[in-house]
**Student:** 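Below: one structure in structure tokens.
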Amino acid sequence: SLEYWRVLYSSLHDDYRIVLYDIRGHGKSLYEPFTIDLLVDDLYNLLLKLSIEKTSLIGFSMGGNIALSFAMKYPDISDRLVIMSSFSECDENLKSKFMELKTAVNNSFEDFYDTIIHYVIMDDVFNRNREVLEIVKRESAKRANLEAIANGIDMGMDLNITGQLGKLDNPTLILVG
């Protein structure tokens with residue numbers, strides 16, 4: 001959901017034109033089954049509609065995969081990239097984590113949240129913010145589209161763009177850990 005980006009938006013909007021949007025099935029967007037190529041083309045069409053001819057992209061997790069794929073498919077529009085907690089292919093270790101997430105999402109959003117949160121937030125941060133994160137979980141569960149989340153997990157397991165990364169000629173900041 002684009003709601004997760006509000007803090008970053010508030011820090012950057014005075015100096016940059018910021019476009020936040022929900023991908024299919026996330027936030028307020030309707031769900032239709034998607035592939036990485038479809039999500040990349042959705043972004044391209046959004047930028048065309050907004051008359052944006054050059055863009056820097058920031059993506060987290062699946063959003064980072066979209067940003068990388070977008071930059072390779074549309075190099076003339078892509079400028080700088082910030083890729084956070086993303087990957088270029090799904091190895092066996094990542095596949096086992098995705099299978100764990102898939103099992104959780106098949107149970108409930110709450111199970112999914114309780115599983116994924118420890119992959120994206122360090123334990124000490126989680127422990128200091130436990131009450132707030134419980135509220136986030138409860139509120140997110142009201143809007144979550146489990147089918148879209150499962151679709152995203154499947155898409156991640158199928159992703160393999162490592163061999164194409166040499167096409168990137170963009171200044172890129174990669175944040176992991």
**Student:** Roughly how far, to the nearest 0.5 Å, is the CD1 atom of Ile77 from the OG atom of Ser56?
**Tutor:** 12.5 Å
**Student:** Heavy atoms only: give me the nearest Leu159-Ile161 pair and the separation to one decimal.
**Tutor:** CD1-CG2, 3.9 Å
**Student:** So among Phe126, Phe112, Tyr113, which one has a ring-ring contact (aromatic ring centres under 6.0 Å, His included) with His118?
**Tutor:** Phe126
**Student:** When you compare the side chain of Met72 with that of Leu168, does any pair of heavy atoms fall below 4.5 Å?
**Tutor:** yes
**Student:** Side-chain heavy atoms nearer than 4.5 Å, only ILVMFWY residues, links allowed to pass through others: does that put Met62 and Leu30 together?
**Tutor:** no
**Student:** Tell me the closest heavy-atom pair linking Phe60 and Val120, and the distance in Å.
**Tutor:** CZ-CG1, 3.8 Å
**Student:** Does any pair with a residue in residues 148-165 pass salt bridge (Lys or Arg N to Asp or Glu O under 4.0 Å), and if so which ones, sequence neighbours excluded?
**Tutor:** Lys102-Asp154
**Student:** Given side-chain contact (heavy atoms from CB on, under 4.5 Å), test Phe70 with Leu47 step by step and report yes or no.
**Tutor:** CA-CA 12 Å; Phe70 182 91; Leu47 295 174; 3.6 Å; yes
**Student:** Less than 4.0 angstrom from a charged side-chain N to a carboxylate O is my criterion; do Lys95 and Glu92 meet it?
**Tutor:** no
**Student:** Please identify each residue that fulfils side chain to side chain donor-acceptor pair (under 3.5 Å) with Arg128, with sequence neighbours left out.
**Tutor:** Asp124
**Student:** Can you list the steps and then say if Leu43 with Leu57 is a side-chain contact (heavy atoms from CB on, under 4.5 Å)?
**Tutor:** CA-CA 10 Å; Leu43 175 56; Leu57 299 170; 4.0 Å; yes
**Student:** Do Val7 and Leu20 sit in one hydrophobic cluster, given that two such residues count as connected whenever their side-chain heavy atoms are within less than 4.5 Å of each other, even indirectly?
**Tutor:** no
**Student:** Given side-chain contact (heavy atoms from CB on, under 4.5 Å), test Glu32 with Leu38 step by step and report yes or no.
**Tutor:** CA-CA 10 Å; Glu32 293 179 31; Leu38 189 56; 5.8 Å; no
**Student:** Is there a donor in the side chain of Lys97 and an acceptor in the side chain of Asn93, or the other way round, less than 3.5 Å apart?
**Tutor:** yes
**Student:** Once rounded to the nearest 0.5 Å, what's the spacing between atom CG of Leu94 and atom CG of Leu101?
**Tutor:** 9.0 Å
**Student:** Roughly how far apart are Thr103 OG1 and Asp111 CG, rounded to 0.5 Å?
**Tutor:** 10.0 Å
**Student:** Asn151: what forms a side chain to side chain donor-acceptor pair (under 3.5 Å) with it, not counting sequence neighbours?
**Tutor:** Tyr31
**Student:** Could you report the tightest heavy-atom contact between Gly64 and Ile83, atom names first, then the distance?
**Tutor:** O-CD1, 3.7 Å
**Student:** Between Lys137 and Asp114, does any NZ, NE, NH1 or NH2 come within less than 4.0 Å of an OD or OE carboxylate oxygen?
**Tutor:** yes
**Student:** Return the OG to CD1 distance between Ser86 and Ile66, rounded to the nearest 0.5 Å.
**Tutor:** 9.0 Å
**Student:** For residues 169-176, please give each side-chain donor-acceptor pair under 3.5 Å, one per line with the distance, not counting sequence neighbours.
**Tutor:**
residue: Asn170; atom: ND2; partner: Ser78; partner atom: O; Å: 3.3
residue: Asn170; atom: ND2; partner: Asp79; partner atom: O; Å: 2.6
residue: Thr172; atom: OG1; partner: Asn170; partner atom: O; Å: 2.9

**Student:** Between Met157 and Met99, is any pair of side-chain heavy atoms under 4.5 Å apart?
**Tutor:** yes
**Student:** My understanding is that only residues two or more places apart in sequence, or in another chain, count here; which of them pass side chain to side chain donor-acceptor pair (under 3.5 Å) with Arg17?
**Tutor:** none
**Student:** State, yes or no, whether a side-chain contact exists between Arg138 and Ile135 at a heavy-atom distance under 4.5 Å.
**Tutor:** yes
**Student:** According to side chain to side chain donor-acceptor pair (under 3.5 Å), who are the partners of Tyr74, at least two apart in sequence or on a separate chain?
**Tutor:** Asp41
**Student:** Above 12 or not: heavy atoms from other molecules or residues under 6.0 Å from NZ of Lys54?
**Tutor:** yes
**Student:** So how far is it from Gln164 CD to Glu89 CD, rounded to the nearest 0.5 Å?
**Tutor:** 11.0 Å
**Student:** Do Asn129 and Ile121 have side chains that approach each other closer than 4.5 Å (heavy atoms only, starting at C-beta)?
**Tutor:** no
**Student:** How long is the span from the CG atom in Leu68 to the CG atom in Leu165, to the nearest 0.5 Å?
**Tutor:** 6.5 Å
**Student:** Should Phe34 and Asp42 count as side-chain neighbours, where that means a heavy-atom distance under 4.5 Å?
**Tutor:** no
**Student:** Testing the basics here: between Lys28 and Asp22, what is the closest heavy-atom pair and its distance to 0.1 Å?
**Tutor:** N-OD2, 3.0 Å
